[in-house]
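Below, read A as the first sequence line, B as the second, and so on, with proteins coming before strands; counting in each chain starts at 1. If you're wondering where the values come from, they're calculated on a predicted model, not measured in any experiment.
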Protein chains: 2
Amino acid sequence: MLTATKGLTMVIKGEGQVSRARGRPRLFDRTAALDRAMRVFWDRGYEGATFDELIAVMGLSPSSFYNAFGSKEALYREAVGAYLTGPGGFFPKALAGGGPAKDAFARLMMATAAAYTDDVGPAGCMISLAGLHDAPDRADLRDFMREVREGSRTLMIERLNEGVRNGDLSEGIDVAQIAEFFETVSRGMAVRARDGADRRTLEKIGAMALDAWPGVPS
Amino acid sequence: MLTATKGLTMVIKGEGQVSRARGRPRLFDRTAALDRAMRVFWDRGYEGATFDELIAVMGLSPSSFYNAFGSKEALYREAVGAYLTGPGGFFPKALAGGGPAKDAFARLMMATAAAYTDDVGPAGCMISLAGLHDAPDRADLRDFMREVREGSRTLMIERLNEGVRNGDLSEGIDVAQIAEFFETVSRGMAVRARDGADRRTLEKIGAMALDAWPGVPS
DNA sequence: CTATTTATGGAGTATCTACTCCATAAAGAT
DNA sequence: ATCTTTATGGAGTAGATACTCCATAAATAG
């Protein structure tokens with residue numbers, strides 16, 4: 001007889017009390033299963049990740065899978081969230097630090113080079129290259145991924161605006177343009193990482209991108 | 001009764017003579033069918049382009065398709081060739097012109113921005129984003145696409161070496177590094193085009209990338 | 001205790017996807 | 001005319017893919 005030590009479904013009750021949920025407790029760790037699925041999607045993309053492979057790495061039967069996650073698409077959306085708060089966390093973290101905006105973007109480029117090539121997960125980025133070639137009936141997923149990518153550009157813009165407020169970027173500067181450029185370099189680095197480019201190569205690309213920083217001689 | 005006016009199969013004979021091939025002539029224009037298939041692959045990627053959609057736009061029955069093209073994968077490889085000599089022709093063309101290497105890369109960036117956003121075909125590039133998320137049993141296609149991408153980087157390197165020979169780039173310069181950078185920007189522009197970035201946006205990204213050109217104050 | 005709720009095991013399935021088969025048609029070769 | 005070669009029409013198919021069903025198990029609620 002199995003005992004569920006990690007997969008206990010907890011429920012936050014009204015007055016802050018925590019109790020076990022009703023019904024039979026699940027026998028697997030939902031968070032761990034999601035993490036494994038996320039890595040398959042990261043490596044294979046949405047279409048490339050087959051249902052059988054997903055439930056295999058998650059260690060689930062079809063019924064347990066559908067009971068816990070609903071559908072392949074719902075799982076994918078959750079997996080994107082898990083990526084953003086997990087392996088993708090380098091992105092907001094690198095931007096968040098203090099100092100001039102250019103320093104933040106230098107950190108971002110170096111962190112991107114590292115994250116796209118480390119052995120924590122597949123090469124490249126789960127966000128940059130997903131949902132780009134889907135059939136018309138998957139327009140919703142495509143839109144979703146575009147919005148996620150737009151979110152990272154928004155983070156860049158906000159950090160650049162902070163630089164304008166702090167005086168390290170001039171008032172009239174086109175922050176959207178700078179964000180577009182660095183987003184483009186990031187997406188391109190994801191392609192290069194998929195094709196096998198190593199960390200040092202990506203770091204040099206990132207350093208060169210910084211040479212395009214406005215108003216600074218190289 | 002149909003007559004085959006454009007799809008006649010010609011054969012180049014030994015002494016330069018041209019004669020019709022043996023067997024029943026095909027009733028469709030192979031080149032035109034390939035071109036239509038290429039655009040579907042361009043838009044959907046390899047996996048996203050279904051067999052039924054391909055033969056529908058090509059106007060072929062399954063038997064005519066297999067007789068003429070062999071398999072979906074063989075068709076794809078031919079379609080990549082058709083892209084490279086067709087819509088992808090802007091790439092070697094922009095690099096080929098005379099003048100300093102930097103001018104050639106400026107032309108390349110502007111031509112890329114135009115090609116990725118014109119209404120001749122789907123947004124973006126057929127080469128940049130294909131074969132990046134395939135299952136292990138499609139490793140051959142993935143390798144093929146990586147080699148095609150490597151080919152474009154090689155063209156860049158050759159053009160940069162020409163600049164070194166012509167004296168517009170200094171002797172010790174890292175041409176591979178510059179090529180890596182501009183390839184990365186190109187691949188990233190393909191992602192941005194897929195997400196809806198317009199020509200002007202891509203042109204500004206390309207112009208900013210040129211600001212990273214070595215040894216030149218922005 | 002019974003009722004209710006949630007999870008699981010395991011077999012089953014509609015649809016799609018890329019491909020195959022074969023009888024027939026239309027050309028050149030002899 | 002006959003043979004060979006290549007193309008076509010149209011039905012058919014093995015395997016994969018994402019998903020469903022249902023009987024049963026294990027928890028809480030009352």
### Task
Could you check whether A:Ala135 gets within reach of a base, just the sugar-phosphate, or nothing at all, counting any heavy atom under 4.0 Å?
nothing
### Query
Whole-Å distance between D:dT6 P and B:Arg30 CZ?
14 Å
#### Entry: Nearest-nucleotide 5' precedence on DNA chain C, A:Ser61 against B:Arg138
A:Ser61
### Summary
B:Phe65 CZ to D:dT6 C1', in whole Å, measures 17 Å
### Summary
Picking from C:dA25, D:dA27, D:dC19, the nucleotide nearest the side-chain atoms of B:Arg24 would be C:dA25
#### Entry: Integer-rounded Å distance: C:dT20 P and B:Phe69 CZ
17 Å
### Query
Counting side-chain heavy atoms from CB outward, which of D:dA27, D:dC19, D:dA7 is closest to B:Arg26?
D:dA7
### Message
In the structure I gave you, are the side-chain heavy atoms of B:Met208 and B:Ile205 within less than 4.5 Å of one another anywhere?
### Response
no
#### Entry: Rounded distance in Å - CG (B:Asp137) to P (D:dA16)
10 Å
### Message
Rounded to whole Å, please give me the gap between CG in B:Leu75 and P in C:dA18.
### Response
11 Å
### Message
If I take atom CZ in residue A:Phe28 and atom C1' in nucleotide C:dT6, what distance separates them, rounded to the nearest angstrom?
### Response
12 Å
#### Entry: Sugar-phosphate, base or nothing in reach of A:Ser63, heavy atoms under 4.0 Å
base
### Query
Does any N or O in the side chain of B:Arg39 come within less than 3.5 Å of the main-chain N or O of B:Val120, such that one atom is a donor and the other an acceptor?
yes
#### Entry: Residue mapping more 5' on DNA chain C - nearest nucleotide basis, A:Asn67 or B:Glu47
A:Asn67
### Query
A:Leu27 has an atom CG; how far is it from atom P of C:dG10, in whole Å?
13 Å
### Query
Any side-chain heavy atom of A:Pro87 within less than 4.5 Å of one from A:Met38?
yes
### Message
On the side chain of B:Arg22, is there an atom forming a donor-acceptor pair with the base of D:dT4 - under 3.5 Å, no angle test?
### Response
yes
### Query
Do A:Leu54 and A:Leu60 come close enough that some side-chain heavy atom pair is under 4.5 Å?
no
### Message
Please report the distance, rounded to the nearest Å, between CG in B:Leu54 and P in C:dC16.
### Response
16 Å
### Nearest heavy-atom neighbours spanning B:Arg187 and B:Leu129
O-CD2, 4.1 Å
